[in-house]
Amino acid sequence: MAKNFYITTPIYYVNARPHIGHAYTTIACDTIARRQRLLGSDTYFLTGTDEHGQKIQRAAEAAGKSPQQFTDEVSAEFRALWDRMRITYDDYIRTTSDRHKRGVQELWRRIRDNGHIYKGSYTGQYCVFDELYVDVGPGQPCSECGRPTETVKEENYFFKLSAFAEPLLQLYTSQPDFIRPETRRNEVIAFVRSGLRDLSISRSTFSWGIPVPDDPKHVVYVWLDALANYITALGYGSDDPSKFKNFWPADVHMIGKEIVRFHCVYWPAFLMAAGLPLPKSIVAHGWLLFEESKMSKSRGNIVRTETILDVLGADALRYFLLREVVFGQDGSFSFDALVQRYNSDLANGLGNLASRTLAMITRYFKGEVPYPSNAAAHTGEEDLIAALAKHTINEFHELFEQHQFSRALELAWALVAAVDKYIVENEPWALAEKHDEHSRSRLATVLYTSAEALRIVTALAHPVMPEATARIWIQLGLGEIANASLADLRWGQLKLGTKLGKVEPVFPRADKSAIERMQMIEDQQRNPAGATEAQPATGTQAPPPSASQGSAPLNKPAPAATPDGKITIDDFSKVELRVAQVKVAEKVKGADKLLRLEVDLGTETRQILAGIAEAYAPETLVGRKIVIVANLAPRKMRGLESNGMLLAASLEGGKPVLAAFLEEVPVGARLK
RNA sequence: GGCGGUGUAGCUCAGGUGGCUAGAGCGACGGUCUCAUAAUCCGUAGGUCGUUGGUUCGAGUCCAACCGCCGCCA
């Protein structure tokens, strides 16, 4: 009986290029989707990009592009990457698409007509980076991210979130699995219990968004816009509601832990307000942290997925992330661990088992799967392997249902180890030396048993590693793995006489140079190409840079210089110089020389401190374009954090003169 | 500060409702086979189970306090 299964990734915010954090979420979803298809479910797997908001508008301006052109490009990059990673999404939703806009407006009307939207006004601090009103005083940094806030005064629409506290708590109680893992559920319950305030759900200070129905001066708040993708992609608000009927409510919304509140509080409240069914579960995973190695810098070490694909391939990355990281917890990524895992589990483990088993069948039985004709050739050892295989299948399914990917894979690999051991103990190569009937039957039994166990592990691992398992499947003589069914996978289905395909290594062993190669590609890619900085987004699950700062030592080694004191181009390229425009300038209390500046970098606003107060009056700086070192580690002065350094000539007597351009330059442009 | 979580072998982690000498994988070291991708297999490595007090015949396993780390508190 085919059931329907609907799974979603968050839609990724296009102010950042895709990186391994995005890949992690998407891989987990793809694996689940593939497994559901093999189980016979009618599966719908949705991903997409979140393309509205002030941040995007500004990033596009900085890049000298229209918002649409800008988002077209980044969105296409995401799709290209997913294709390379063998992501089998069924639909790709963009918030700038017409179908989405229609759906969002329909959702708005429904909520409004049900009486849950009212108009109010707001005066206060706004954080552009988080697209959020924050409850801090004027001039105070954002309570979320520490970036400077802007004072805004606007009239906008509010959602009566406060009315939904009770229904939400009831939901969490009656549906314990609604939020997983439990620690996130606890947080959400605590949050809602502490009381809910109404939520501002429109903006009128910028235009890059979806117009509010009947009041186009406002655009819909990015989170209401973004969350709605889960239903607009199914045709909600369109003429064809068939997909919506089939697949909504979603089985799984997979998200990163930083967007739990939006998905577990706002989203169900919006749906309740609209009178729509609620998703069945929201699963939050942890972040991927990047292990600090001696070679890398403390910041900017967000790994591009392409690097790994280039060197080890998609399967290796997919396997690594699901096997290494305990799902739900933070995990750490390093090239070292990746190669380690690849060699021990894939090359030496599954790959070698396939290689030795299939090679022996090829050699001893002319490439046809043998089976003993003599019952006496069958011993208790085969029963043990078969029993273990059966247990593995059952447990594997169980663990996968609970999203315990690492444990599921660990379990499957225990079967690989058991078969390796079984082979050594039975020495098929020695049996092959003898030509009596019993030895021949024993040999057939041992090789059949090994091949059958291999088949089962391969089938189980297929959703995780689609390519390699497809190749093993062909080598096993079983044809197209997509036709395999996981639902009735059981021992003994491998037919005798099956003609093997050509046997060749599936996971060639990686040597140490693989690590160096990946690190080299990363270094090259990271520095020269300026482009958009891979900053984390509100709407997506990218790990913030701070996530990796815990291990950053204070005493960084100085950049290596050549003996004559000259630096290489590589050294220079580590310095990220950018054009910034001063938005706010003021004296720092108690300091004679220090000014506090808020500068616009195109993609963000930053606070920097500069010792130029004696040469420049604050009011003369506002609006001026300056040059700053954008990737300087933050530093605190007078209790304020400086995130960068401006460039100025230092004259005799210490008088600074700011660097400037003769021609017009766009904010955010990089100096090289 | 409030709430929640967490601290087990070099690393990553298992260890419902307390009970034999605390486990797995990887790494490391020694050995073995030769079908296989210098792969496999075998053996070894001795961790006060964060600290200190309790409860108990008996506690990583329950309780309290403390220390460290993490998350949430729009």
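Just so it is clear: chains get the letters A, B, ... in the order the sequence lines come, proteins before strands, and each one is counted from 1.
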Practice item. Could you please name the option among B/rG27, B/rG15, B/rA39 that lies closest to any side-chain atom of A/Gln340? Key: B/rG27
Review point. Within the pair A/Arg323 and B/rG25, is there a side-chain N or O less than 4.0 Å away from OP1 or OP2?
Key: no
Practice item. Ignoring backbone atoms, establish whether A/Lys421 has a side-chain N or O less than 4.0 Å from OP1 or OP2 of B/rU40. Key: no
Review point. Rounded to the Å, how far apart are A/Arg184 CZ and B/rC73 P?
Key: 10 Å
Practice item. In whole angstrom, give me the gap between the C1' atoms of B/rU17 and B/rA9. Key: 28 Å
Review point. With respect to the side chain of A/Ala347, which nucleotide from B/rC33, B/rA36, B/rU37 is positioned closest?
Key: B/rU37
Point to revise | RNA chain B: 5'-proximal contact among A/Asp420 and A/Pro508 (nearest heavy atom) | key: A/Pro508
Point to revise | Nucleotide nearest A/Arg407 (side chain, heavy atoms from C-beta), chosen from B/rG71, B/rA74, B/rA14 | key: B/rA14
Check your understanding: According to a strict under-4.0 Å criterion, is A/Arg261 in side-chain N/O contact with OP1 or OP2 of B/rC73?
Key -> yes
Point to revise | Mate of B/rU12 where both pairing distances stay under 3.5 Å, Watson-Crick or G-U | key: B/rA24
Exercise for review: Looking at every strand, decide which applies to A/Asn186 at a 4.0 Å heavy-atom threshold: base, sugar-phosphate, or nothing.
Suggested key: sugar-phosphate
Exercise for review: Could you work out the separation of B/rA22 and B/rA59 based on their P atoms and round it to a whole Å?
Suggested key: 13 Å
Exercise for review: Give A/Val260 one of three labels, base, sugar-phosphate or nothing, depending on what nucleic acid heavy atoms sit under 4.0 Å from its own.
Suggested key: nothing
Point to revise | Watson-Crick/G-U partner (both atom distances under 3.5 Å) of B/rG68 | key: B/rU6
Practice item. Any strand is fair game: report the nucleotide pairing with B/rU48 by Watson-Crick or G-U wobble, both distances under 3.5 Å, or none. Key: none
Revision key, fill the gap. Regarding the side chain of A/Arg341, the nearest nucleotide among B/rU37, B/rC35, B/rG25 is B/rG25
Study note, to complete from the structure: Which of B/rC35, B/rU40, B/rC13 is nearest the side chain of A/Val326? It is B/rC13
Practice item. Quickly work out the A/Ile189 CD1 to B/rG5 P distance and round it to whole Å. Key: 12 Å
Review point. C1' atom, B/rG19 versus B/rG58: distance in rounded Å?
Key: 7 Å
Exercise for review: Rounded to the nearest angstrom, tell me the gap between atom CG in A/Leu168 and atom C1' in B/rA74.
Suggested key: 14 Å
Check your understanding: Taking the six-membered ring for Trp, are A/Tyr364 and A/Trp429 ring centroids under 6.0 Å apart?
Key -> no
Check your understanding: Quick one: CD1 on A/Ile179 to NE2 on A/His263, what's the gap to the nearest 0.5 Å?
Key -> 12.0 Å
Practice item. Hunt down the Watson-Crick or G-U wobble partner of B/rU55, both distances under 3.5 Å, from any strand shown, or write none. Key: none
Check your understanding: So which nucleotide from B/rC35, B/rA36, B/rG27 ends up closest to the side chain of A/Ser355?
Key -> B/rA36
Review point. Between B/rU37, B/rG25, B/rC72, which one does the side chain of A/Glu187 approach most closely?
Key: B/rC72
Practice item. Using a 90° cut-off around 0 for syn, call B/rG60 syn or anti. Key: syn
Check your understanding: Is the shortest side-chain N/O distance from A/Arg356 to OP1 or OP2 of B/rU37 below 4.0 Å?
Key -> no
Check your understanding: Do the numbers put A/Arg323 on top of the ring of A/Phe405, so that NZ or CZ is under 6.0 Å from the six-membered ring centre and no more than 45° off the axis?
Key -> no
**Study point:** Separation of atom CZ in A/Arg180 from atom P in B/rG5, rounded to whole Å
**Key:** 19 Å
Check your understanding: At under 4.0 Å between heavy atoms, what does A/Thr183 touch on the DNA or RNA strands: base, sugar-phosphate, or nothing?
Key -> nothing
Exercise for review: Name the pairing partner of B/rU34, where a pair is Watson-Crick or G-U wobble with both distances under 3.5 Å, or state none.
Suggested key: none
Review point. Rounded to whole angstroms, how far apart are CH2 on A/Trp413 and P on B/rA14?
Key: 20 Å
Review point. Looking at A/Tyr319 versus A/Trp413, is the centre-to-centre ring distance below 6.0 Å?
Key: yes
Check your understanding: Of A/Ile423 and A/Leu196, whose nearest nucleotide on RNA chain B comes first from the 5' end?
Key -> A/Ile423
**Study point:** A/Glu504 atom CD, neighbour heavy-atom count above 12 within 6.0 Å
**Key:** yes
Practice item. For A/Leu454 and A/Ala354, work out which heavy atoms get closest and say how close. Key: CD2-CA, 3.7 Å
Exercise for review: Using the ring of A/Phe365 (Phe, Tyr or Trp, six-membered ring only), decide whether A/Arg440 places NZ or CZ under 6.0 Å from its centre and within 45 degrees of its axis.
Suggested key: yes
Practice item. Would you mind classifying the nucleic acid contact of A/Phe507 as base, sugar-phosphate or nothing, using non-hydrogen atoms under 4.0 angstrom? Key: base
Check your understanding: Under 6.0 Å between the ring centres of A/Phe333 and A/Phe320?
Key -> yes
Review point. Using the C1' atom in both, what is the distance from B/rC11 to B/rG27, to the nearest Å?
Key: 7 Å
**Study point:** Rounded distance in Å between the C1' positions of B/rC69 and B/rU51
**Key:** 15 Å
**Study point:** Gap in Å between the two C1' atoms, one belonging to B/rG16 and one to B/rU52, rounded
**Key:** 28 Å
Practice item. Mind calculating the distance between CG (A/Leu322) and C1' (B/rU12) to the nearest angstrom? Key: 16 Å
Practice item. Round to a whole Å and report the spacing from CZ of A/Phe262 to P of B/rC72. Key: 11 Å
Exercise for review: Give A/Gly195 one of three labels, base, sugar-phosphate or nothing, depending on what nucleic acid heavy atoms sit under 4.0 Å from its own.
Suggested key: base
Practice item. Please work out if A/Tyr422 contacts a base, only the sugar-phosphate, or nothing of the nucleic acid, heavy-atom cut-off 4.0 Å. Key: nothing
Check your understanding: Considering only the C1' atoms, how many Å lie between B/rC57 and B/rC67, rounded to the nearest integer?
Key -> 32 Å
Review point. Between B/rA36 atom P and A/Arg509 atom CZ, what is the distance in whole Å?
Key: 17 Å
Practice item. May I ask you to check whether A/His116 and A/Phe164 place their ring centers less than 6.0 Å from one another? Key: yes
Practice item. Check every strand shown and say whether A/Arg363 touches a base, only sugar-phosphate, or nothing at a heavy-atom separation below 4.0 Å. Key: sugar-phosphate
Review point. With rounding to whole Å, what would you report as the distance between B/rG60 and B/rG23 at their C1' atoms?
Key: 12 Å
Check your understanding: What is the nucleic acid contact for A/Ala417, judged by heavy atoms within less than 4.0 Å: base, sugar-phosphate only, or nothing?
Key -> sugar-phosphate
Revision key, fill the gap. Paired to B/rG43 by Watson-Crick or G-U wobble criteria (both distances under 3.5 Å) is B/rC29
